[in-house]
Amino acid sequence: MHAGARPAAAADITPEPAPGPARRTTAPRFLHAARTTSVQTRKARRQWAAVVALTLLLCVQIVLADRARLATQATWRPLVMALCGAFRCDVPTWREPTAFTMLSRDVRPILGQPGTLQAQATFRNDARWAQAWPVILLTLKDADGRTLGARALQPDDYLPQDERGVPIGPGQSAQMAVRIREPSANVVAFSFDFR
């Protein structure tokens, strides 16, 4: 360098940034919102499906818990029977005494056994479902229609031993015959009623 000469200006050199982590390019914000909305929608659908499933399960539990009462109603009985078929629970036997039809009946004295009457009847179950055997109320009356005696015949009184636990099917006919004591010699009329 010459004396009196100015030093040359130092070249402006800007240092390069130090190498760091690579910068990621990000998707536009509206794409993030769409992805988030899609995830939230799927989550909401799963929650609603769980709510519907739990509600149905609760309804099934209510029907099964109250099946004894609901099975006595013609509108609910098919549903209760279907659910109990699937879950293997017992359905109470149908009871509809008015659905029994008397086909024939007779009360007469037994020869050689004074004071004893033979009561016979044939009846049919006209209900839609099998039902419990009826209690048959036999009433004996005199010529003026006054009741001389009555007896409620339980199924055990008129059914054979092997048929006692089995209900009477829809459309099934049955016969019964029992011996009863004559309450008075004035018996001239009788009636059978189902209970």
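Within 6.0 Å of the CZ atom in Arg105, the count of heavy atoms belonging to other residues, nucleotides or ligands does not exceed 12. Within 6.0 Å of CG in Leu54 there are more than 12 heavy atoms belonging to other residues, nucleotides or ligands.
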Throw together a table of side-chain donor-acceptor distances under 3.5 angstrom for residues 89-96, partners on residues two or more places apart or in other chains.
residue	atom	partner	partner atom	Å
Trp94	NE1	Glu96	OE1	2.9
Arg95	NH2	Arg195	O	3.2

Which donor-acceptor pairs under 3.5 Å do the side chains of residues 180-189 make with protein atoms, sequence neighbours left out?
residue	atom	partner	partner atom	Å
Ser184	OG	Asn186	N	3.1

Only pairs under 3.5 Å count here: list side-chain donor-acceptor contacts from residues 152-163, not counting sequence neighbours, and write none if there are none.
residue	atom	partner	partner atom	Å
Asp157	OD2	Gln154	N	2.9
Tyr158	OH	Pro134	O	2.5
Gln161	OE1	Arg164	NH1	3.1

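Nearest heavy atom pair, residue Ala127 against residue Gln131, reads CB-NE2, 3.6 Å. The shortest heavy-atom contact between Gln118 and Arg179 is OE1-CG, 3.3 Å. Across Ala130 and Pro170, no two heavy atoms sit closer than the pair N-CD, 3.6 Å. Heavy-atom minimum distance, Asn125 versus Ile168: ND2-O, 3.1 Å.
Leu140 and Met102 end up in the same hydrophobic cluster when Ile, Leu, Val, Met, Phe, Trp and Tyr side chains are linked at under 4.5 Å. By the criterion of side-chain heavy atoms lying less than 4.5 angstrom apart, applied directly or through intervening Ile, Leu, Val, Met, Phe, Trp or Tyr residues, Val60 is grouped together with Met81 in one hydrophobic cluster. Note: the hydrophobic cluster containing Phe194 also contains Val178 (ILVMFWY, side chain heavy atoms under 4.5 Å, direct or indirect links). Under a hydrophobic clustering in which Ile, Leu, Val, Met, Phe, Trp and Tyr are joined whenever their side-chain heavy atoms come within less than 4.5 Å, directly or via other members, Val107 and Phe100 fall into the same cluster.
Expressed to the nearest 0.5 Å, how far CG of Leu57 lies from CD1 of Ile62 amounts to 10.0 Å. Note: Ile136 CD1 to Leu138 CG = 9.0 Å, rounded to the nearest 0.5 Å. Separation of atoms CG (Leu148) and NZ (Lys141) is listed at 10.0 Å; rounding is to 0.5 Å. Rounding to the nearest 0.5 angstrom, the gap separating the OG atom in Ser104 from the CD atom in Gln120 is 8.0 Å. Rounding to the nearest 0.5 Å gives a distance of 13.0 Å between CZ of Arg67 and CG of Leu79.
Checked against ring-ring contact (aromatic ring centres under 6.0 Å, His included), Phe190 has the following partners two or more places apart in sequence or in another chain: Phe192. Every residue two or more places apart in sequence or in another chain was checked for a ring-ring contact (aromatic ring centres under 6.0 Å, His included) with Trp133, and none qualifies.
Among pairs with a residue in residues 48-91, none fulfils ring pair (Phe, Tyr, Trp, His ring centres under 6.0 Å), at least two apart in sequence or across chains.
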| field | Worked verdict on Val80 versus Arg77 for side-chain contact (heavy atoms from CB on, under 4.5 Å) | value | CA-CA 5 Å; Val80 172; Arg77 189 167 183 85; 5.6 Å; no

